[in-house]
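This report refers to the structure that appears directly beneath it.
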Amino acid sequence: MNVNRNILTLDEFTLTQLRQFPTATGELSRLLRDVALAAKRVNVEVNKAGLVDILGDAGTINVQGEDVKKLDIFANNQFMGVLKHGISCAGIGSEEMDDFVVFDDEVSNQSKYVVLFDPLDGSGNIDVNVSIGTIFSVYKRISELGKPCTKEDFLQPGNKQVAAGYVVYGSSTMFVYATRRGVNGFTLDPSIGEFSLSHPNIKCPESGKFYSVNHGNFFQYDESIRKYIDGCQRKNKENGGPYTQRYIGSMVADVHRNLIKGGIFMYPATTDKPKGKLRLLYEANPFAFIVEVAGGLATNGKQRILDIQPTELHQRTALFIGSRLMMEELETFTGTKIK
Ligand code: P6P
């Protein structure tokens, strides 16, 4: 296999970005490298999960009321550890922890950013070897530097994110992140142990063939959503239908596929979960930021995800996200034109 050694690693890429902004402090670049380091450590355990005693339940229940898998805890500790040890992050919010964590040491209190993350999304799939992922969201603090970060730093609307990204632990391991300047994807090259630029300047195709939704909840969806899903299954020369239904049950894998190939991912509100299942701060917001920078759209069916003002760390939301034309077609069913 001829490996192109001229491919930029993540570190080299962030440094080239930094060179374009001489006044930048490099804190965000270092934060991204910290997150990538934790991802590489998690990747090692995910790749051998079937061989060591890291499968299965940890015997605890998280704040979401879900069985915590041993890998969830391991992943949470890896991301929290590198961010606490680093010099760019003042505190974190995690799906696995009841409340946000203030690092509150002299260096961390001077740090510009806070990070929210889902350390291992889709972890219910670990034991059956289906792709899982990490999702993260970065905000610039609004609290006073030099003092501990505050809850308000974490409860900013998604449109204030300075960066967001995800890791997909799949047939290969990819690190994808967005700033307002663009979305770039890096594939882990095991021969050098570095994430290497494999998907520069990712753009979400304005339309696609894939629609992703849990059909098992079909009769719990609002009528407008049921009509849209019905339309996805019918021949329609205008929108290229019928679409192909692809739903892995692992959000990172499903949204990543639709980001690259074009498509729409839906987790609507249900009668069982009237506020939706997915979490706003560390699932919907980061992916909404990434997909919008790439040219797509993301809503809760009524408003732009990134405009929602959060009120609590683990609040949930309905989510519709993906290719612009498919999202605009959905809006003709829901009657909510997102500006
Ligand atoms: P359902 C995994 O638990 C997750 O949070 C997302 O990764 C995934 O898209 C969704 O839930 C799947 O939920 O109810 O369809 O099994």
Side-chain angles (χ1 to χ4, degrees), residues 39 42 46 49 55-58 60-73 75-76 79 93-97 116-137 164-170 173-174 176 210-222 225-226 229 232 245-261 263-288 290-291 296 298-301 305 313-322:
V42 170
V46 168
L55 275 178
D57 294 349
T60 58
I61 303 286
N62 68 12
V63 66
Q64 323 295 338
E66 296 164 340
D67 290 339
V68 179
K69 302 284 182 183
K70 290 175 184 170
L71 259 181
D72 279 329
I73 294 174
N76 184 71
F79 287 102
S94 167
E95 191 227 16
E96 290 304 330
M97 305 182 82
L116 291 139
F117 57 82
D118 183 352
L120 211 56
D121 179 74
S123 52
N125 296 301
I126 292 172
D127 298 357
V128 292
N129 205 20
V130 167
S131 296
I132 51 184
T134 297
I135 314 166
F136 65 91
S137 168
Y166 60 88
V167 183
V168 50
Y169 308 96
T173 298
M174 275 193 71
V176 178
F210 296 123
Y211 77 101
S212 308
V213 70
N214 183 336
H215 269 272
N217 297 331
F218 182 82
F219 292 107
Q220 293 192 53
Y221 298 147
D222 182 87
I225 305 301
R226 284 187 272 121
I229 293 172
C232 290
Q245 206 267 350
R246 283 285 181 278
Y247 189 74
I248 298 176
S250 185
M251 178 186 189
V252 175
D254 278 320
V255 179
H256 174 70
R257 179 200 52 246
N258 293 357
L259 171 67
I260 302 296
K261 291 186 176 285
I264 186 169
F265 173 92
M266 297 173 275
Y267 206 107
T270 63
T271 43
D272 287 350
K273 298 186 175 75
K275 291 185 177 175
K277 172 184 182 182
L278 302 178
R279 294 81 165 185
L280 174 62
L281 271 62
Y282 40 80
E283 289 179 338
N285 267 340
F287 270 118
I290 294 161
V291 168
T299 78
N300 64 359
I305 288 288
L313 198 54
H314 299 293
Q315 73 185 72
R316 297 176 189 263
T317 180
L319 176 64
F320 303 87
I321 186 169

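Just so you know, ligand 1 is whichever comes first in the structure, and atom 1 is the first atom listed for that ligand. Being a predicted model, the structure only gives us computed values, none of them experimental.
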For atom 14 (O) of ligand 1, what's the nearest protein heavy atom and its distance?
-> Tyr267 OH, 2.6 Å
Could you pull out, from His215, Lys277, Glu283, Met266, the option with a heavy atom nearest to atom 10 (C) of ligand 1?
-> Lys277
Nearest-neighbour protein heavy atom for atom 15 (O) of ligand 1, which is reported as residue plus atom name and distance | Tyr247 OH, 2.5 Å
Check for a donor-acceptor pair, side chain of Ser250 on one end and backbone N or O of Ser131 on the other, with a separation under 3.5 Å.
-> yes
Answer yes if the side chains of Asn76 and Ser94 hold a donor-acceptor pair under 3.5 Å, and no otherwise.
-> yes
To the nearest 0.1 Å, how far is atom 2 (C) of ligand 1 from its closest protein heavy atom, and which atom is that?
-> Gly122 CA, 3.7 Å
Taking atom CD1 of Ile132 and atom CG of Asn129, what is their separation to the nearest 0.5 Å?
-> 9.0 Å
Specify the closest pair of heavy atoms between Val252 and Val168, including all atoms of both residues, with the distance to one decimal.
-> CG1-CB, 3.8 Å
Atom pair CG (Leu116) and CG (Leu313), whose distance is rounded to the nearest 0.5 Å | 6.5 Å
Arg279: numbered ligand 1 atoms lying under 4.0 Å from its heavy atoms = 5 (O)
Could an N or O of ligand 1 be found under 3.5 Å from any N or O of Asn217, whether backbone or side chain?
-> no
For Asn214, atoms of ligand 1 separated by under 4.0 Å from a heavy atom | 1 (P), 14 (O), 15 (O)
Is ligand 1 less than 4.0 angstrom away from at least one heavy atom of Asp121?
-> yes
What is the ring orientation for Tyr282 with His314, classed by angle as parallel under 30°, tilted 30 to 60°, or perpendicular over 60°?
-> perpendicular
N/O to N/O below 3.5 Å, does that happen between Met251 and ligand 1?
-> yes
May I ask you to decide if Lys277's main-chain N or O and Arg316's side chain share a donor-acceptor pair within less than 3.5 Å?
-> yes
Pull out every atom of ligand 1 sitting under 4.0 Å from any heavy atom of Phe265, numbered as shown with elements.
-> 9 (O)
